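Fair warning: this is a prediction, and the values are worked out from it, not measured in the lab. Labels below follow one simple rule: chain letters A, B, ... track the order of the sequence lines, proteins then strands, and each chain is numbered from 1.
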There are 2 protein chains.
Amino acid sequence: MSLRHAILGILSIQPMSGYDLKKVIDESVGHFWSADQSQVYRTLAGLVEDGLATRRTVVQEERPNLHLHSPTDLGLAELDRWLTSPLKTPPTRDPFLARLFFADRLPPEEIRGLLETRRREVGEQLAALEAIAVPAGSADDLGRVLRLATLSYGISQARAELDWLDDTRRRLERITS
Amino acid sequence: MSLRHAILGILSIQPMSGYDLKKVIDESVGHFWSADQSQVYRTLAGLVEDGLATRRTVVQEERPNLHLHSPTDLGLAELDRWLTSPLKTPPTRDPFLARLFFADRLPPEEIRGLLETRRREVGEQLAALEAIAVPAGSADDLGRVLRLATLSYGISQARAELDWLDDTRRRLERITS
DNA sequence: CACCCATATTGGACACCACATATATGTGCA
DNA sequence: TGCACATATATGTGGTGTCCAATATGGGTG
């Protein structure tokens, strides 16, 4: 369960509501983490229940009330504990590769279609990553450098995949022609 | 739920028991798919229940009975349907990047530690991929080419990540020195 | 006026999966 | 004798997550 920690991390930068959190997750950390809206609220409730965060209700007259969440000292300690705990890498599980593995059941043009669709998707993904703006800051701001690094990770993986797609397409053409 | 389809795919190549299936998954498709043992049996039971596979019991005197599973025509049809159905790419969810994103809470040497640990892991992963033997076959066997492609995917992604790790480490050293 | 969108939170149902544990037995090693 | 390991299947439990839908209201567009 790392959504707890991702949320604690975001709240440690800026206290916010579940609604804001969902938006920040989609926009700022969406390239390496995602969360369902209802899961955000449930996780937030769990954090409060476990004493890792506090909830402050802000009454809004024209809107539903806002629940601003902040990490407690316990929450920040848990965040730091997580940051240095041994990390168990989740097993890769890639439906695209799964299909490609069994794709010899398909006619060659369908296989080409699989690769072309993937090329389009990865291209779009790459464009999206390159469009993400990281707030300006001094070049030696550690936080900024780290956030840029997570972005460039995605970009370099996407580029490598495009190269691989070219290679693979070429190899397939050689044997299906 | 794609485990169903991965299992149907494997069974379409060779009927086998849940026990064998678990081994094949770990050894042959482990670089892009994994499955818990109990999940394999449950999924297999589900496939039989839904008429996508049949179970043939092979009585063994000195061992527990073997349940050999084969896909039915319906199962093969479902496999082919899945192979060409629109593929929804699951959101990436990378705990390592999540940590790196918030790692400015840590002292610089801990951040270096994160990167070094990752470097070792990716290096091991790369070595494991390069060690996987793909059964020999003619160079124009479509299935073989596709299976090699899924392997080379993992290899190219791992290499790109090693390059990125070098870059990132260099950038961090420049600002924390 | 009707409709959709944005704001904001919550709950039910269900899927999938991991972890632990149970059962049964043969082989080989110390 | 005892232990671990391989073969082989199955269940219980709980955690994490998605999908869908309900609720409430203001603002903008057709």
Side-chain angles (χ1 to χ4, degrees), chain A residues 1-8 15-27 29-30 32-50 52-53 55-69 82 87-95 98, chain B residues 1-8 11 15-27 29-30 32-50 53 55-69 82 87-95 98:
Chain A
M1 180 195 14
S2 270
L3 181 55
R4 276 175 101 95
H5 298 110
I7 285 179
L8 278 174
M16 60 182 79
S17 68
Y19 187 81
D20 291 329
L21 213 36
K22 170 61 175 157
K23 279 197 294 185
V24 168
I25 289 173
D26 287 347
E27 288 159 20
V29 305
F32 62 80
W33 206 269
S34 70
D36 183 77
Q37 173 255 86
S38 61
Q39 195 61 20
V40 168
Y41 283 100
R42 261 189 269 265
T43 303
L44 225 29
L47 288 175
V48 172
E49 200 184 339
D50 295 349
L52 301 179
R55 152 178 298 182
R56 192 165 58 82
T57 302
V58 178
V59 177
Q60 299 187 122
E61 307 215 331
E62 316 283 358
R63 298 276 172 92
N65 288 345
L66 236 182
H67 300 309
L68 270 189
H69 297 81
W82 170 70
L87 169 112
K88 49 174 176 181
T89 309
T92 59
R93 205 165 273 173
D94 190 326
Chain B
M1 181 191 17
S2 270
L3 181 56
R4 275 176 103 95
H5 299 110
I7 285 179
L8 277 175
L11 293 182
M16 58 182 79
S17 68
Y19 187 80
D20 292 329
L21 212 37
K22 169 64 175 154
K23 280 196 293 185
V24 168
I25 288 173
D26 288 346
E27 289 159 20
V29 305
F32 62 80
W33 206 269
S34 70
D36 184 75
Q37 174 258 89
S38 62
Q39 199 59 24
V40 168
Y41 282 101
R42 260 188 268 261
T43 304
L44 226 28
L47 287 176
V48 172
E49 200 183 337
D50 296 349
R55 154 178 295 183
R56 192 163 58 83
T57 301
V58 177
V59 178
Q60 298 187 120
E61 306 216 332
E62 315 282 358
R63 298 277 171 92
N65 288 345
L66 238 183
H67 300 310
L68 271 190
H69 297 80
W82 169 71
L87 170 112
K88 50 174 175 180
T89 309
T92 59
R93 201 165 276 172
D94 191 326

Novice: What's the CE-P distance between A/M16 and C/dA8, to the nearest Å?
Specialist: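 Distance, rounded to whole Å: 13 Å.
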Novice: How would you list, by chain and number, every residue that makes a side-chain contact (heavy atoms from CB on, under 4.5 Å) with A/P91, sequence neighbours excluded?
Specialist: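 For A/P91, the residues satisfying side-chain contact (heavy atoms from CB on, under 4.5 Å) (neighbours in sequence not counted) are A/R93, B/S34.
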Novice: D/dA10 P sits how many Å from B/L21 CG, rounded?
Specialist: 13 Å
Novice: Starting at atom CG of B/D26, determine the distance to atom P of D/dA8, rounded to an integer number of angstrom.
Specialist: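 In whole Å, D/dA8 P lies 16 Å from B/D26 CG.
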Novice: Would you indicate, yes or no, if C/dT10 has its OP1 or OP2 atom less than 4.0 angstrom from a side-chain nitrogen or oxygen of A/Y41?
Specialist: no
Novice: What is the separation between atom CG on B/L47 and atom C1' on D/dA10, rounded to the nearest whole Å?
Specialist: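 It is 16 Å, rounded to the nearest whole Å.
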Novice: Grab the NE2-P distance between B/H67 and C/dT23 for me, whole Å please.
Specialist: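 Value for this atom pair: 18 Å.
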Novice: Sequence neighbours excluded, which residues qualify as side-chain contact (heavy atoms from CB on, under 4.5 Å) partners of A/D26?
Specialist: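 Only A/K22 meet the side-chain contact (heavy atoms from CB on, under 4.5 Å) criterion with A/D26.
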Novice: Under 3.5 Å, which N/O atoms of the protein pair with N/O atoms of nucleotides 17-19 of chain D?
Specialist:
from	atom 1	to	atom 2	distance (Å)
D/dG17	N7	A/Q39	OE1	3.4
D/dT18	OP1	B/R93	NH2	2.8
D/dT18	OP2	A/D36	N	3.0
D/dT18	O4	A/R42	NH2	3.3
D/dC19	N4	A/S38	OG	2.8

Novice: Under 4.0 Å, heavy atoms only, any strand: does A/K22 hit a base, just the sugar-phosphate, or nothing?
Specialist: nothing
Novice: Any side-chain heavy atom of B/V48 sitting closer than 4.5 Å to one from B/L44?
Specialist: no
Novice: Would you indicate, yes or no, if D/dT9 has its OP1 or OP2 atom less than 4.0 angstrom from a side-chain nitrogen or oxygen of B/Y19?
Specialist: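 B/Y19 to D/dT9 OP1/OP2: no side-chain N or O under 4.0 Å.
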Novice: Residues two or more places apart in sequence or in another chain: which of them pass side-chain contact (heavy atoms from CB on, under 4.5 Å) with B/L66?
Specialist: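 side-chain contact (heavy atoms from CB on, under 4.5 Å) list for B/L66, sorted by chain: B/S17, B/V58, B/Q60.
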Novice: Quick one: B/K23 NZ to D/dT9 P, roughly how many Å, whole number?
Specialist: 11 Å
Novice: Could I get the full list of side-chain contact (heavy atoms from CB on, under 4.5 Å) partners for A/S2, not counting sequence neighbours?
Specialist: A/H5, A/W33, A/W82
Novice: With sequence neighbours excluded, what pairs up with A/D94 under the side chain to side chain donor-acceptor pair (under 3.5 Å) test?
Specialist: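 Counting only residues at least two positions away or on another chain, A/D94 forms no side chain to side chain donor-acceptor pair (under 3.5 Å).
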